[in-house]
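Step one of this worksheet: look at the structure below.
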Amino acid sequence: MNRQVPRPKDFVDLLRFQKPTLNATKRRLARAHTIADLRKIAQRVTPKAPFDYTDGAAEQELSLARARQAFEDVEFHPSVLRDVSDVDTSCIVTGGRSALPFGIAPTGFTRMMHSEGERAGAAAAGAAGIPFSLSTVGTATPEEVAIANPRGRNWFQLYMWKDRDRSLDVLNRAAASGFDTLLVTVDVPVAGARLRDRYNGLTVPPTLTGRTILNAVPRVRWWFDFLTTAPISFSTFKQFDGTVAELLDSMFDPTVDFEDLSWIKAQWPGKVVVKGIQTLDDAKRCADLGVDGVLLSNHGGRQLDRAPVPFHLLPTVVREIGTDTEVMIDTGIMSGADIVAAIAAGARFTLVGRAYLYGLMAGGRAGADRAIEILSDEIVRTMKLLGVRSVAELNAGHVTQLRRLAPYRA
Ligand SMILES: Cc1cc2nc3c(=O)[nH]c(=O)nc-3n(C[C@H](O)[C@H](O)[C@H](O)COP(=O)(O)O)c2cc1C
């Protein structure tokens, strides 16, 4: 090997200092390349109780772990030598367009994760051209969401009550604010046992106790935002003092049945999707009722633990309920590749809950934008690597499952 004495110029050519970004949030977000990265940032900047409320699930959290595992166990089958210079990620869902095959799932108490809450989520969804869903226990009103996302699509999620006047009131407000799709959540006759919330003594709004004060110190920005913005209030009612479980139990009505669903459907002027379907039989009953869609979901593992993995249920439901009822899926989606797998396995559309909330916690509106950008980049890249140019080209031939978690009757 011939050696030489390096000249100063050789060093200079090697140096590539980037202009420092003074905004700490921007700097952090730019360094996040996956949803898992956003989750880590979220954990650092959000107090333990709201972080755990978001990150956690019910009982032993098996439903969530299995749903994520099922996506990880996807094996893709790419076609090569296709011109994939341009990829169209858009699709039609409940009668309207979405620029990407996913939307934002409805989540409660969103201003507890970050004070910008739903307004940031709705604005980010609008900017990306995807639907945003507001929860019955969301922390912005339908009117506020319509202002945050004036040109985009907004969906409303309803927890049904036997008290029909109460349901009607809420529906009328959402319809008057231009929401085009109603998600009727049916997997919560009672609240699931979110054990982390019990251990943390989570209240709404969060409170400072001797135990939480130490945790608050390195998260002063969250507390500053929380204390210097309007107090948390809800989409469909004003204030509530108590634990999350108490509030949820007051929201749910265990007597609701298919007849009530039928009545709700008749009241809503737009499209109706039933959220939380977990068996083929129930999917069929919904299709027979003439709803526009079913969302295969176990509520992000936050209700029944050991529930069916929605991704496993998907192909059968798609095959059996035909093309009149749109089949969507959520729970466990942590990457754009998961979304591509779900679409290839027959889903019309997907929703993401935590993937977006990790971004929101990590950096408010900018963090929600980054989460959507990460998922979008992953979708485009996965589609190109699979050799497809449009969402419609994705088909069952592109995915199989590794056997580890395959369901069978014991
Ligand atoms: C913090 C949090 C709050 C939620 N609140 C609601 C809600 O108010 N209504 C509802 O129908 N689903 C709610 N969900 C469930 C989501 O709509 C969605 O089904 C779930 O998050 C999908 O799983 P993923 O988080 O793995 O994407 C919530 C989920 C989370 C994580």
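Both counts, for ligands and for their atoms, begin at 1 and track the order of listing.
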CD-CZ distance between E118 and F109, expressed to the nearest 0.5 angstrom: 10.5 Å
Below 4.0 Å from any atom of ligand 1, is there a heavy atom belonging to A355? no
Within a radius of less than 6.0 Å around OH of Y199, do more than 12 heavy atoms belonging to other residues, nucleotides or ligands occur? no
Mind checking whether S135 has an N or O less than 3.5 Å away from an N or O of ligand 1? yes
So which of V188, L351, T185 gets nearest to atom 11 (O) of ligand 1, if we judge by its closest heavy atom? T185
Of the listed options (P106, S133, G108), which comes nearest to atom 14 (N) of ligand 1 when hydrogens are ignored and any heavy atom counts? P106
Which part of F109 is near ligand 1, with near meaning a heavy atom under 4.0 Å away: side chain, backbone, both or neither? neither
Where is the nearest protein heavy atom to atom 21 (O) of ligand 1: which residue, which atom, and how far? G353 CA, 3.5 Å
Check this for me - ligand 1, R68, N or O atoms closer than 3.5 angstrom, yes or no? no
Examine the proximity of ligand 1 to R354 and report which part, side chain or backbone, both or neither, has a heavy atom under 4.0 Å away. both
Donor-acceptor side-chain pairing of R153 and T94 below 3.5 angstrom: yes
Hey, what do you get for CG (L100) to CD1 (I130), rounding to the nearest 0.5 Å? 6.0 Å
Report yes if T107 has an N/O atom closer than 3.5 Å to an N/O atom of ligand 1; otherwise report no. no
Just heavy atoms, cut-off under 4.0 Å: does M334 contact ligand 1 by side chain, backbone, both, or neither? neither
Just to verify, which of K48, R196, R194 counts as forming a salt bridge (charged side-chain N to carboxylate O under 4.0 Å, His left out) with D55? R196
Regarding atom 26 (O) of ligand 1: of the candidates G332, P310, A57, which has the closest heavy atom? G332
Distance to 0.1 Å, residue and atom name: give those for the protein heavy atom nearest to atom 31 (C) of ligand 1. R302 NH1, 3.4 Å
Which residue and heavy atom of the protein sit nearest atom 9 (N) of ligand 1, plus the separation: Y159 OH, 2.8 Å
Which option out of D330, L357, D187 puts a heavy atom nearest to atom 19 (O) of ligand 1? D330
Ring-plane angle category for F311 and F71, please: parallel below 30°, perpendicular beyond 60°, tilted otherwise. tilted
Is it possible for you to check whether R370 lies under 6.0 Å from the centre of the six-membered ring of Y358, through NZ or CZ, and within 45° of that ring's axis? no
When you compare ligand 1 with K275, is there at least one nitrogen or oxygen pair between them that comes in under 3.5 angstrom? yes
Could you tell me whether the side chain of D257 and the main chain of E259 form a donor-acceptor pair under 3.5 Å? yes
Quick one: do the Q157 and T185 side chains pair a donor with an acceptor below 3.5 Å? yes
